[in-house]
2 protein chains.
Amino acid sequence: MEAVLRQQIGKIVSLSDDEFQFVLSHFLVGNYKKHQYIIQQENPVPYVHFVVKGLLKSFYIDKSGKKHILQFAMKDWWITDNQGFYNKQNATLNIDCLEDAQTFYITLENREKLCAELQKMEFFFLQKMTAGNIALQNRILSLMSKNSEERYMQFIQLYPDLIHRIPKTLIASYLGISRETLSRLSH
Amino acid sequence: MEAVLRQQIGKIVSLSDDEFQFVLSHFLVGNYKKHQYIIQQENPVPYVHFVVKGLLKSFYIDKSGKKHILQFAMKDWWITDNQGFYNKQNATLNIDCLEDAQTFYITLENREKLCAELQKMEFFFLQKMTAGNIALQNRILSLMSKNSEERYMQFIQLYPDLIHRIPKTLIASYLGISRETLSRLSH
DNA sequence: GCATTAACGTGATATAGGTCACAAATTATT
DNA sequence: AATAATTTGTGACCTATATCACGTTAATGC
């Protein structure tokens, strides 16, 4: 399972065996069951998680009690409540498991120490964060310029593997539409 | 005007005079007139800009010809087409000036050289990118969970200074609503 | 200072998508 | 295997927001 993390980093910077062991020593391993929460609204956000296997979702509950999915995270994805984690605030999001999952997780302190000690890791995280920004900007433009059907088609195209692992209800919530509307689209 | 950039960086990492001069040497200065484009769809995106004064907007034109504002950028803000800039692709966005503007701009090569030479600048850019991510995630949740009026109120609260400098039509476009709907909200 | 263009407000009408309600089908749990 | 819980489909109806079409006012450029 270390290989998953190593490969992910290796796509951006090259690490010797020793360097990777050093990187790894900053992380912990966690195993979670379906339905288990790893981050909860109103609570501190001590870690960012790198998913090794399984599937998680982060979601926001608005003032009328409605859930909105911000992100799904499967193997190779990073997930946390960014606002809580980076600003050391309590979570406004919840994160739980859609499937049994395993993650490598790291504290902000350890991440910063790691970056200070091994500059290429800072480069790695910057690249990841940049890619995240691009994806988020595209999602905003998609929400603003596409209708429900176009957004659903785009989701299928972007994440073909997720379609079969996630209930339509949750995909609808991710796309910002009601489950009924999504149901009527899919033929 | 150098002071604007220095202060922006100084909020995150401390720089000696020499270090700041070194940082500065990687940037160029640009002056632009109202209505002038600094980035155009289908063209390369050689720079990311740090705004010293004036006001710019980035926008996407969808397939039906409708404009959607992705970002406004005033003093102290960074702006570019991220996808084009970081992935060395042609722009999918346009960026032009709402007011005469001045920016410090830098190429990706220079930015990477700067980060390699002065590690705290990499930390700086990572912090900025992280803050950007948080803002984008909040915007997505806002688009998904709030109605037009709530989004407009939130905009006023977040950017009180912009309200008087930007036509309502453009604010509507940023919020993802029609100008008529916004007009009917504002009493 | 005048002419052009952009911005704004507002009525009338259309529509995408939301909400509610119920039943069927599928998946989990013991 | 039986029971409970979740997911999905679909009809009927509702509503927020879009669109179209004006006229008015305010900026802007020459």
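Every chain is numbered from 1 and lettered A, B, ... according to where its sequence line falls, protein lines coming before strand lines. What you see is a predicted model, and the numbers here were worked out from it, not measured in a lab.
- For B:R165 and C:dA7, the CZ to P distance is 16 Å, given to the nearest whole Å.
- Shortest non-hydrogen contact noted between A:T103 and A:V51 is CG2-CA, 4.2 Å.
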For residues 136-145 of chain A, dump all side-chain donor-acceptor pairs below 3.5 Å to protein atoms at least two apart in sequence or in another chain.
unit_1 : atom_1 : unit_2 : atom_2 : d
A:Q137 : OE1    : B:N82  : ND2    : 3.4
A:N138 : ND2    : A:I134 : O      : 3.4
A:N138 : ND2    : B:Q83  : OE1    : 3.2
A:R139 : NH1    : A:L70  : O      : 2.6
A:R139 : NH2    : A:I69  : O      : 3.2
A:R139 : NH2    : A:Y174 : O      : 3.2
A:S142 : OG     : A:Q154 : NE2    : 2.7
A:S145 : OG     : A:L141 : O      : 2.8

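- Take the nearest nucleotide of DNA chain D for B:H35 and for B:E149: the residue whose nucleotide is more 5' is B:E149.
- For the residue pair A:S16 and A:D18, no side-chain donor N or O sits within less than 3.5 Å of a side-chain acceptor on the partner.
- Using cut-offs of 30° and 60° for the angle between ring planes, the B:H49 and B:Y105 rings count as tilted.
- Between the CG atom of B:N147 and the P atom of D:dA18 there is a distance of 11 Å, given to the nearest Å.
- In this structure, the NE2 atom of B:H164 is 17 Å from the P atom of D:dA26, given to the nearest Å.
- Following rounding to the nearest Å, A:K66 (NZ) and C:dG17 (C1') show an atom-to-atom distance of 10 Å.
- For B:S183 and C:dA7, the shortest distance from a side-chain N or O to OP1 or OP2 is not below 4.0 Å.
- Salt bridge status for A:E19 with A:R6: absent, with no side-chain N to carboxylate O gap under 4.0 Å.
- Residue B:S178 is classed as a base contact, given a heavy-atom separation below 4.0 Å to a base.
- One interatomic measurement links the two molecules: CE of A:M144 to P of D:dA18, which rounds to 12 Å at whole-angstrom precision.
- For C:dA16, the OP1/OP2 oxygens have no side-chain nitrogen or oxygen of A:S148 closer than 4.0 Å.
- Side-chain nitrogen and oxygen atoms of A:T181 include none within less than 4.0 Å of the OP1 or OP2 phosphate oxygen of C:dG17.
- Separating the CG atom of B:L185 from the P atom of D:dT17 is a distance of 8 Å, rounded to the nearest angstrom.
- Comparing the start and finish of the helix from C:dG1-D:dC30 to C:dT30-D:dA1, five pairs each, the helix axis swings through 70°, to the nearest 10 degrees.
- Sorted by first then second residue, the ring pair (Phe, Tyr, Trp, His ring centres under 6.0 Å) pairs that include residues 110-132 of chain A, not counting sequence neighbours, are A:W78-A:F125.
- If B:L170 and B:E180 are placed on DNA chain C by their nearest nucleotide, the residue sitting closer to the 5' end is B:L170.
- Closest approach to the A:T169 side chain among C:dT19, D:dA18, D:dT7 is made by D:dT7 (side chain taken as heavy atoms from C-beta onward).
- Each of D:dG9, C:dC8, C:dG18 was ranked by its minimum atom distance to the side chain of B:P167; first place goes to C:dC8.
- Residue B:K34 places at least one side-chain N or O closer than 4.0 Å to OP1 or OP2 of D:dT28.
- Inter-residue side-chain proximity for B:E42 and B:Q40 is flagged as unmet; no heavy-atom pair is nearer than 4.5 Å.
- We find that CZ of A:R184 is positioned 12 Å from C1' of C:dA16, with the value rounded to whole Å.
- Atoms CD1 (A:I177) and C1' (D:dT8) sit 14 Å apart, rounded to a whole Å.
- Salt bridge absent: B:K34 and B:D100 never bring a charged side-chain N and a carboxylate O closer than 4.0 Å.
- Within the 4.0 Å cut-off from OP1 or OP2 of D:dA16, not a single side-chain nitrogen or oxygen of B:K146 is found.
- A sub-4.0 Å separation between OP1 or OP2 of D:dG29 and a side-chain N or O of B:K33 is absent.
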